[in-house]
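Inspection log for the structure reproduced underneath, given as structure tokens.
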Amino acid sequence: MAQEVTTLDAELEAVRAEALRRLDEVTSVDEAAAWERDYLGGKGRVTQLLRGLGSLPAEQRPAAGRATQALKAELTEKYDDVGARLKAAARQQALAEDAIDVTLPGRPVIIGAAHPISQMIDELIEIFALLGFQAVFGPEVETGHYNFDLLNIPSDHPARDVWDTIIVESPNEEIVLRTHTSPMQARTMERMQPPVRVIVPGRSFRFEAQDASHEWMFTQLEGLAVDENITMADLKGTLRELARQLFGPTRRVRFRCDFFPFVEPGVDFAVDCAICDGQGCRVCKHTGWLEMGGAGMVHPNVLKGVGYDPEKYTGFAFGLGIERIIMMKTGVSDLRAFAGNDVRFLRQFARPIV
Ligand code: YSA
């Protein structure tokens, strides 16, 4: 009996000495894990010793059990110390490797900028807000009813042809890409009662040959004001103020008779060229004037069509080309550049986004 206990004591001492020597040699977290497996793991030496206790005579088991458990506790504690030391060292090393040199110059952050057309729309919304107009937006795919009929252009009217309409296939109803922002006049009046003061920025589409001043897709700004006693003087005053805000106080504004089925009377609206001060240049095609759009007093038929009483209410409306305004302000001479997606062109207009 005493012989067996002595043998176990010797074995415990041998395992202890070997385990501590090997733990001293451990230099990495992986090696520490291997050590733990060899001594404390399920098939480790100490675990085997604990399992073997059952084969000892019953009276020896308590003392042998305490001695083996004591060895296990000692090795576990040493292993925890070494493990903690190695993990701290590994963390220090990772920190040292990832260290940031705060004296290095920062990397430039590339952020986008609003497109020049979006910038101009924002500017126009601000200008018109000061004049009491609210901005509304409408569908780009439109019915013939709003794009034409309610604008006093019935389906058999020859004026329907001049809009170079892109038709979207539809068996039951005439569906088009809106040829102008004017359909929003009727949509707005159907929803609101006078006084009405709205602007409508948005894309318009026409089946048109492209050149330096025409695109098949372009952007318009519609304006509409309806109330009692609105006159042509209000229209002229509003567009004059717009020109003043956009191009400065010295610009001259020109109104000439024009025809649009949805206004009576109708005018076209031009500003003397800000690039050459009205002297004539490439941008104004040497006329000294830049056409901005059409305008006029809302036709009584349009008011009637949306249920307004034309005896009580009058209104003015206008439609301007937004790309043309930017061209006038900046001297860009080819309207196709706006949809050309050339980043070098667009960068010239980049303003920080705030
Ligand atoms: C007229 C009277 C009103 O009471 C209300 C609105 C209008 C304007 C009308 N709806 C209209 O579209 N007239 S327009 O055909 O002369 O276009 C107005 C402006 O849009 C033009 O002066 C031009 O600046 C721009 N535009 C028209 N077609 C364009 C274009 N811009 C670029 N490419 C095109 N293809």
Side-chain angles (χ1 to χ4, degrees), residues 117 120 124 133 138 142 146-148 150-153 159-166 176-189 196 198-226 230 232 234-236 238-239 242-243 246 253-271 283-285 287 289-303 305-306 314-329 332-340:
I117 294 177
M120 180 48 71
L124 289 163
F133 287 73
E142 200 35 292
Y146 284 102
N147 199 80
F148 296 120
L150 288 177
L151 289 169
N152 201 28
I153 317 173
R160 204 130 164 164
D161 291 344
V162 306
W163 298 102
D164 305 309
T165 312
I166 299 173
V176 302
L177 295 187
R178 69 176 173 196
T179 55
H180 47 181
T181 41
S182 300
M184 275 305 286
Q185 290 189 24
R187 284 188 180 276
T188 305
M189 287 189 280
V196 172
V198 293
I199 52 162
V200 190
R203 285 196 193 114
S204 305
F205 309 83
R206 289 183 198 173
F207 186 65
E208 249 185 302
Q210 290 162 261
D211 62 27
S213 46
H214 293 88
E215 261 284 11
W216 70 272
M217 178 181 79
F218 54 98
T219 323
Q220 284 191 333
L221 182 89
E222 192 81 7
L224 173 72
V226 183
I230 290 214
M232 192 82 181
D234 297 310
L235 168 65
K236 290 171 83 176
T238 303
L239 292 179
L242 171 66
L246 283 173
V253 176
R254 184 186 72 183
F255 297 94
R256 291 190 310 189
C257 287
D258 202 348
F259 171 74
F260 300 96
F262 32 97
V263 284
E264 182 55 42
V267 291
D268 74 34
F269 163 59
V271 178
V283 176
C284 64
K285 299 205 180 87
T287 63
W289 294 94
L290 281 160
E291 288 233 0
M292 292 186 65
M297 298 304 292
V298 181
H299 198 289
N301 287 350
V302 175
L303 297 174
V306 294
T314 50
F316 68 74
F318 56 84
L320 314 172
I322 291 186
E323 287 86 351
R324 302 250 177 108
I325 296 177
I326 307 173
M327 290 166 83
M328 226 182 290
K329 271 186 84 113
V332 169
S333 56
D334 194 329
L335 187 145
R336 289 167 292 193
F338 292 109

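Because the structure is a prediction, the values reported are computed rather than measured. Start at 1 and go down the list; that is how both ligands and their atoms are numbered.
Crowding of Lys236 atom NZ: a count of heavy atoms from other residues, nucleotides or ligands under 6.0 Å not exceeding 12. Counting non-hydrogen atoms of neighbouring residues, nucleotides and ligands closer than 6.0 angstrom, the CZ atom of Arg336 exceeds 12 such neighbours.
Pocket lining of ligand 1, defined as residues with a non-hydrogen atom under 4.0 Å away: Trp163, His180, Ser182, Gln185, Arg206, Glu208, Ser213, His214, Glu215, Phe218, Gln220, Glu222, Phe260, Phe262, Val263, Met292, Gly293, Gly294, Ala295, Ala317, Phe318, Gly319, Gly321, Arg324, Leu335.
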Asn147 vs Thr179, side-chain hydrogen bond (donor to acceptor under 3.5 Å, both in side chains): CA-CA, chis, key distance, verdict = CA-CA 7 Å; Asn147 199 80; Thr179 55; 2.9 Å; yes
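A 4.5 Å side-chain heavy-atom check between Met327 and Phe338 finds at least one atom pair inside the cut-off.
Under the 4.0 Å criterion applied to side-chain N and carboxylate O atoms, Glu291 and Arg256 are assigned as salt-bridge partners. Between Arg203 and Glu215, no side-chain nitrogen of the basic residue sits less than 4.0 Å from a carboxylate oxygen of the acidic one, so the salt-bridge criterion is not met.
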